Amino acid sequence: MRIATWNVNGLRARLDFVRFWLDDRRPDVVGFQELKLEDDGFPHEAFNELGYRVETYGQKSWNGVAIASRLPLAVERRGLPGQEEFGARLITARAGDLLFTTVYCPNGKDVDHADFPRKLGWFDALVALVAAESREGELAVLCGDFNIAPQPLDSWLGDKGDGRIFHTDGERQRFQALLDCGLHDLYRARHPDERAFSWWDYRGGAFHRGHGLRIDMVLGSPAVLARTADVWIDRDYRKKKEGLTASDHAPVIVELE
DNA sequence: ATGTCGGAATTATTCCGA
């Protein structure tokens with residue numbers, strides 16, 4: 001089974017690109033972020049034609065998440081309790097035997113911006129939810145755009161990034177708190193010393209200069225880790241395809257036995 | 001050069017967010 005997470009940066013603008021990727025990689029379950037459209041406007045037909053059912057939690061203009069699945073799909077939750085006013089950022093569904101959650105975590109903008117403490121509060125609510133809902137032996141996945149580089153190894157800035165937005169102790173403590181709930185960062189578990197990124201700014205030729213961050217993650221419960229055969233970042237899909245513009249994020253793919 | 005995108009508000013141009 002192949003699962004994936006991908007921040008598409010606007011599904012309307014990315015639809016042909018996403019279809020091309022789905023047809024090429026054939027994942028079974030995908031968490032999408034930054035749809036930037038309302039649920040009424042979701043292009044279900046395009047996904048159905050490729051064999052996917054989709055559950056969505058969108059809003060106008062910004063944010064928005066969805067789970068597409070070739071396996072039976074039953075939605076369990078839309079929205080992070082107590083944080084709904086911060087945008088459509090979390091959806092959970094059962095996909096086959098997986099309890100699959102995808103999140104678009106707040107960006108925070110800058111360490112001295114009002115959104116930064118709100119970002120930390122959003123993570124505190126996420127940690128509380130994960131802690132309350134985790135069940136022994138469950139095949140649970142929490143994937144998405146976390147907007148945190150957990151270690152210096154996850155940033156092109158290395159330890160020179162420490163203290164900047166995405167690189168602060170406060171953000172890293174929240175990410176660690178998710179791991180302390182029993183989740184594993186599957187990419188890092190599989191590739192302990194690899195410097196690899198999932199996001200590169202559109203500006204300044206960041207992709208070609210290697211100026212990236214690893215902020216898109218697939219976290220898995222111990223049962224998921226035990227079934228993980230491979231984890232890779234689909235960097236090729238950060239490049240233009242057939243003249244179509246890529247998202248600023250690459251998909252992250254996990255192969256499960 | 002904070003150099004690019006996507007979307008919205010308004011009508012090809014500006015803003016906002018990332």
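Note that the coordinates shown come from a computational prediction; the quantities given were computed from them, not determined experimentally. Each chain gets a letter, A, B and so on, in the order the sequences are listed, and its residues count up from 1.
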- Item | Spacing of the P atoms in dT13(B) and dA1(B) (rounded, Å) | 28 Å

- Query: What interatomic distance, in whole Å, is found between P of dG17(B) and the corresponding atom of dA12(B)?
  - Reply: 24 Å

- Message: Does anything in residues 49-75 of chain A form a ring pair (Phe, Tyr, Trp, His ring centres under 6.0 Å)? List the pairs, not counting sequence neighbours.
- Response: none

- Item | Heavy-atom protein contacts under 4.0 Å, nucleotides 2-12 of chain B, coded B base, S sugar-phosphate only, - none | -BBSBSSS---

- Neighbours of DNA chain B within residues 103-119 of chain A, by heavy-atom distance under 4.0 Å: Tyr104(A), Asn107(A), Lys109(A)

- Task: Could I get the full list of side chain to side chain contact (heavy atoms under 4.5 Å, CB included) partners for Glu136(A), not counting sequence neighbours?
- Result: none

Could you give the side-chain donor-acceptor pairs of residues 243-255 of chain A under 3.5 Å, partners two or more places apart or in another chain?
unit_1, atom_1, unit_2, atom_2, d
Thr245(A), OG1, Lys240(A), NZ, 3.3
Ser247(A), OG, Asn7(A), O, 2.6
Ser247(A), OG, His249(A), N, 3.0
Asp248(A), OD2, Trp199(A), NE1, 3.3
His249(A), ND1, Asp216(A), OD1, 3.1
His249(A), ND1, Asp216(A), OD2, 2.8
His249(A), NE2, Asn7(A), ND2, 3.4
Glu255(A), OE1, Arg2(A), NE, 3.2
Glu255(A), OE2, Arg2(A), NE, 3.0
Glu255(A), OE2, Arg2(A), NH2, 2.7
Glu255(A), OE2, Trp232(A), NE1, 3.1

- For Glu34(A) and dA18(B), what is the distance between atoms CD and P respectively, to the nearest whole Å? 8 Å

- ring pair (Phe, Tyr, Trp, His ring centres under 6.0 Å) pairs touching residues 147-177 of chain A, sequence neighbours excluded, are Phe146(A)-Phe175(A), Trp156(A)-His211(A)

- Task: Tell me, please, which residues at least two apart from Ala223(A) pass side chain to side chain contact (heavy atoms under 4.5 Å, CB included).
- Result: Leu139(A), Ser221(A)

- Task: Would you confirm whether Asp154(A), through its side chain, and Gln151(A), through its main-chain N or O, come within 3.5 Å as a donor-acceptor pair?
- Result: yes

- Query: For the pair made of CD1 in Ile148(A) and P in dA18(B), what is the distance, rounded to whole Å?
  - Reply: 15 Å

- Message: Using the side chain to side chain contact (heavy atoms under 4.5 Å, CB included) criterion, which residues pair with Val130(A)? Sequence neighbours excluded.
- Response: Leu126(A), Leu142(A), Leu178(A), Cys181(A), Leu183(A)

- Item | Set of residues satisfying side chain to side chain contact (heavy atoms under 4.5 Å, CB included) with respect to Asp24(A), sequence neighbours excluded | Tyr237(A)

- Distance between the P atoms of dT10(B) and dG6(B), in whole angstroms? 22 Å

